[in-house]
Amino acid sequence: NNSLTQSAAACDGADSDCTYNWAIPDTVPTGSNKMKVKVTWNGDAGNVSDASTNNFTIKAKLQITQPIASAQWLAQDNGTINWTKNGTWTPNTANLYYQIGGGAWNSIATVNASNLTYTWANISTGAISANNTRIIIESTADTSVNNASAYFTVYPYIEVTYPNTPLTWNVTENRQITWNITGTMDK
C-alpha cells in the first residue's frame, strides 16, 4: 500500500537466483503489514515483474544510549536519558519508564520522540537499586517499538538535617549531627 522505488543492480546471467542487500533508509514509511517488494526487469518492466505474496512490516526504531551500565545516579537528583530514533510515527511521542529488575514499568514522562534527550529531574526514590534499574522508551503510536537501557545503579538520597543553618561550634564540644536517608539498598 505504501510505495517506494529503489533502483538496484541487474542480476547477471540467466536462470540465476538474485539478491539485493537493501539498507532500509530512515525515510521509508513505517506501518503494520503494509509493505510489499516488487521486482521488475528493466528490459520490459511492463511485462516482466513479480511482487512479494504477503505484506510485511517496516518498524521504526528507538535505542537508549544513556544511561549506560556503569552509570551511577542519586535518587532525588537529575539524570540525563538519551536515545536515537529512526523512522516516523504519529503522534511523534514516546513514553519513558524506569524498571527495577523484571518488575513493573513505572512512568517517568511522555516526551517528543525527536528531542533525543530528557532530563529526569528529582529521580524517584522508587528507582533505587544496586545495578538493577533500567530506563525503557516506548513509542506511543506502536508499543512494539521500544528499547531498554542496560541495568545501572541508583543510590539512596541522603539529606543532612542538622546542622543546616549558619551557627558556631566550639572546639572540644560534642555536637549531634543528624541526617535522613531516603531509600535503602543492599550493600
Side-chain angles (χ1 to χ4, degrees), residues 2 22-35 55-166 175-187:
N2 288 314
W22 183 35
I24 302 170
D26 196 25
T27 56
V28 170
T30 59
S32 180
N33 206 28
K34 296 180 179 180
M35 303 299 284
N55 291 344
F56 64 94
T57 299
I58 294 178
K59 289 176 52 170
K61 181 179 177 183
L62 290 165
Q63 180 76 40
I64 298 277
T65 58
Q66 187 72 11
I68 59 174
S70 60
Q72 297 179 348
W73 289 1
L74 293 172
Q76 304 296 304
D77 203 355
N78 297 337
T80 301
I81 303 167
N82 294 328
W83 62 91
T84 59
K85 173 186 177 273
N86 300 99
T88 59
W89 60 82
T90 302
N92 185 34
T93 54
N95 289 320
L96 292 171
Y97 302 93
Y98 73 89
Q99 180 185 40
I100 305 296
W105 292 14
N106 302 284
S107 181
I108 298 172
T110 299
V111 296
N112 178 327
S114 294
N115 286 353
L116 307 181
T117 191
Y118 178 79
T119 299
W120 184 10
N122 199 24
I123 296 168
S124 171
T125 56
I128 294 170
S129 77
N131 202 32
N132 204 25
T133 301
R134 68 180 181 170
I135 302 296
I136 299 167
I137 188 168
E138 175 186 65
S139 164
T140 59
D142 180 354
T143 58
S144 71
V145 176
N146 64 66
N147 183 251
S149 72
Y151 287 102
F152 64 99
T153 298
V154 176
Y155 289 110
Y157 172 71
I158 298 175
E159 178 184 22
V160 174
T161 55
Y162 187 80
N164 62 3
T165 59
R175 295 291 182 167
Q176 186 176 36
I177 299 170
T178 60
W179 63 92
N180 291 327
I181 298 177
T182 304
T184 59
M185 181 168 35
D186 296 332
K187 296 178 183 176

Checklist outcome for this item: So CG of Asn146 and CD of Gln63: to nearest 0.5 Å the spacing works out to 11.0 Å
Checklist entry - What distance separates Gln99 CD from Ile135 CD1, expressed to the nearest 0.5 Å? => result 10.0 Å
Checklist outcome for this item: So CH2 of Trp120 and CG of Leu96: to nearest 0.5 Å the spacing works out to 9.5 Å
Item to check | Considering all heavy atoms, the nearest Ala113-Lys85 contact | outcome: O-CD, 3.5 Å
Report, one line per pair, each donor and acceptor closer than 3.5 Å where one atom sits in a side chain of residues 64-79; sequence neighbours left out.
| from | atom 1 | to | atom 2 | distance (Å) |
| --- | --- | --- | --- | --- |
| Thr65 | OG1 | Asn82 | O | 3.3 |
| Asn78 | OD1 | Asn122 | N | 3.2 |

Next on the checklist: Let me confirm one number: the CG-OH distance from Asn131 to Tyr151, rounded to the nearest 0.5 Å.
Outcome noted: 10.0 Å
Checklist entry - Among all residues two or more places apart in sequence or in another chain, which pass the side chain to side chain donor-acceptor pair (under 3.5 Å) test with Asn95? => result Tyr97, Thr110
Next on the checklist: Ser144: which residues meet the side chain to side chain donor-acceptor pair (under 3.5 Å) condition with it, sequence neighbours left out?
Outcome noted: Lys59, Asp142
Checklist outcome for this item: Residues passing the ring pair (Phe, Tyr, Trp, His ring centres under 6.0 Å) test with Trp83, sequence neighbours excluded, are none
Item to check | Closest non-hydrogen atom pair between Trp179 and Val160, with its separation | outcome: CB-CA, 3.9 Å
Checklist outcome for this item: Tightest non-hydrogen contact, residues Arg134 and Phe152, listed as CA-CE2, 3.8 Å
Item to check | Partners meeting side chain to side chain donor-acceptor pair (under 3.5 Å) with Thr119 (sequence neighbours left out) | outcome: none
Checklist entry - At what distance, to the nearest 0.5 angstrom, does CD1 of Ile108 lie from OH of Tyr98? => result 8.0 Å
Checklist entry - Where is the tightest heavy-atom contact between Asn112 and Asn92, given as atom of each residue plus distance? => result OD1-ND2, 3.2 Å
Checklist entry - If you round to the nearest 0.5 Å, how far is CG of Asn115 from OG1 of Thr93? => result 11.0 Å
Item to check | Shortest non-hydrogen separation from Ala148 to Ile136 and the atoms involved | outcome: CB-CG1, 3.9 Å
Checklist outcome for this item: Ser139 meets the side chain to side chain donor-acceptor pair (under 3.5 Å) criterion, sequence neighbours left out, with Trp89
Checklist entry - If you look at every heavy atom in Thr153 and Ala130, which pair is closest and at what distance? => result OG1-C, 3.8 Å
